[in-house]
Amino acid sequence: MTFTHRHLLGIEHLRPEEIVTLLDLAEKYVTLNRSAEKHAEALSGLTQINMFFENSTRTQASFELAGKRLGADVMNMAMQASSITKGETLIDTAMTLNAMHPDLLVVRHPHSGAVDLLAQKVNCAVLNAGDGRHEHPTQALLDALTIRRAKGRLHRLNIAICGDIAHSRVARSNIMLLGKMENRIRLIGPPTLMPAGIAEFGVEVYDNMAEGLADVDVVMMLRLQRERMDGGFIPSEREYFHRFGLDAAKLAHAKSDAIVMHPGPMNRGVEIDGELADDINRSVIQDQVEMGVAVRMAAMDLLARNLKDVRGAA
Ligand code: NCD
């Protein structure tokens with residue numbers, strides 16, 4: 001098997017062939033999820049605990065459904081971000097849960113690096129469901145599957161990632177994944193929302209939508225991450241939409257068959273025009289949600305197989 005990891009902490013650690021292995025398995029789960037009988041046995045007898053220290057609707061629901069469809073016992077822990085702000089407390093929580101013998105821990109945390117730290121302390125598989133502005137690997141994988149299905153390939157595409165790049169773990173994981181698969185990546189947004197040193201990632205940077213979108217195959221919009229901003233990064237939402245919000249007029253600069261993506265939750269009228277987001281001829285936003293469940297099933301299936309190897313050998 002070409003996927004040998006114990007945890008899924010980030011795209012950074014994955015090789016291109018591992019990404020393909022995971023996406024190919026996810027395709028099988030897309031088919032299963034579209035059938036009347038949606039159950040498989042890959043996680044049968046295993047315990048999955050979801051620990052979300054940050055609010056989440058779709059990602060948590062997606063992981064929960066993925067686990068249940070594969071036969072796991074799934075538990076959602078209600079974690080209040082405010083009560084757990086110190087690394088020490090996070091580890092204490094992890095150790096407590098670890099003593100209950102979970103097999104899969106799905107963790108979202110507001111601090112970059114917190115999930116990696118936790119993975120070092122437990123003896124089960126850990127999946128990063130988003131850590132601060134660092135990584136969100138299953139989002140990048142579901143985006144990759146969506147692109148591959150819509151475009152028929154996942155290489156040599158021109159892909160624009162637009163908006164609040166600086167605060168976005170979605171952007172970071174996508175830049176790594178799409179770069180590993182040899183696509184051309186453009187980042188478009190105001191300079192205040194571009195991370196320092198971004199050029200090192202081998203991307204092109206634009207602060208003008210018309211120029212940046214010229215001839216792209218994929219337009220990926222990002223939410224303005226207000227909860228990670230302290231101070232004024234944009235003049236006003238109106239002004240932001242005018243310059244960087246995606247609408248039909250700006251999309252006209254892209255290829256005529258370019259697809260529109262957004263990880264959700266969307267701010268309609270801020271980063272994307274509501275009508276365009278709902279236009280099923282251009283927008284694949286609902287497909288992204290569908291692919292999310294399949295990709296998470298594939299990720300947990302692969303990690304569970306490795307878990308059996310690790311524990312079986314011990
Ligand atoms: C993203 C996240 O949490 O990083 N959302 C998600 O996983 N569905 C993007 C965002 O919050 O804007």
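Atoms within each ligand, like the ligands themselves, are counted from 1 in listed order. Numbers here simply count residues along the sequence, with the first being 1.
Of all the atoms in ligand 1, the ones that sit under 4.0 Å from a non-hydrogen atom of Thr59 are 6 (C), 7 (O), 8 (N). The Val170 neighbourhood of ligand 1 comprises atoms 1 (C), 4 (O), 9 (C), with distances under 4.0 Å to a heavy atom of that residue.
Using a cutoff of 4.0 Å between basic side-chain nitrogens and carboxylate oxygens, Arg268 and Asp278 are scored as salt-bridged.
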Apply the test ring-ring contact (aromatic ring centres under 6.0 Å, His included) to residues His5 and Phe3: give CA-CA distance (whole Å), side-chain angles for both, the deciding distance (0.1 Å), then the verdict. CA-CA 6 Å; His5 299 274; Phe3 191 97; 5.3 Å; yes
CA sep, side-chain torsions, deciding dist, call: Glu275, Arg282, salt bridge (Lys or Arg N to Asp or Glu O under 4.0 Å): CA-CA 11 Å; Glu275 258 181 54; Arg282 305 309 296 271; over 6 Å; no
For Arg243 and Glu271: C-alpha separation, side-chain torsions, deciding distance, then whether salt bridge (Lys or Arg N to Asp or Glu O under 4.0 Å) applies. CA-CA 10 Å; Arg243 289 200 55 202; Glu271 67 256 355; over 6 Å; no
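Evaluated for a salt bridge (Lys or Arg N to Asp or Glu O under 4.0 Å) with Lys151, the options Asp217, Asp143, Asp257 yield exactly one hit, Asp257.
Nearest-residue assignment for atom 3 (O) of ligand 1 (options Met266, Gln225, Arg169; heavy-atom criterion): Arg169. Proximity annotation for atom 7 (O) of ligand 1: of Arg228, Gln288, His136, His136 comes nearest, heavy atoms only.
A 6.0 Å sphere centred on CD of Glu182 holds no more than 12 heavy atoms belonging to other residues, nucleotides or ligands.
For atom 11 (O) of ligand 1, the closest non-hydrogen atom of the protein is Arg223 NH2, 3.0 Å.
The N/O atoms of Arg108, backbone and side chain alike, include one that comes under 3.5 Å of an N/O atom in ligand 1. Between Gly264 and ligand 1, at least one pair of N/O atoms sits closer than 3.5 Å.
Pro263 counts as a contact of ligand 1, since one of its heavy atoms falls under 4.0 Å from the ligand.
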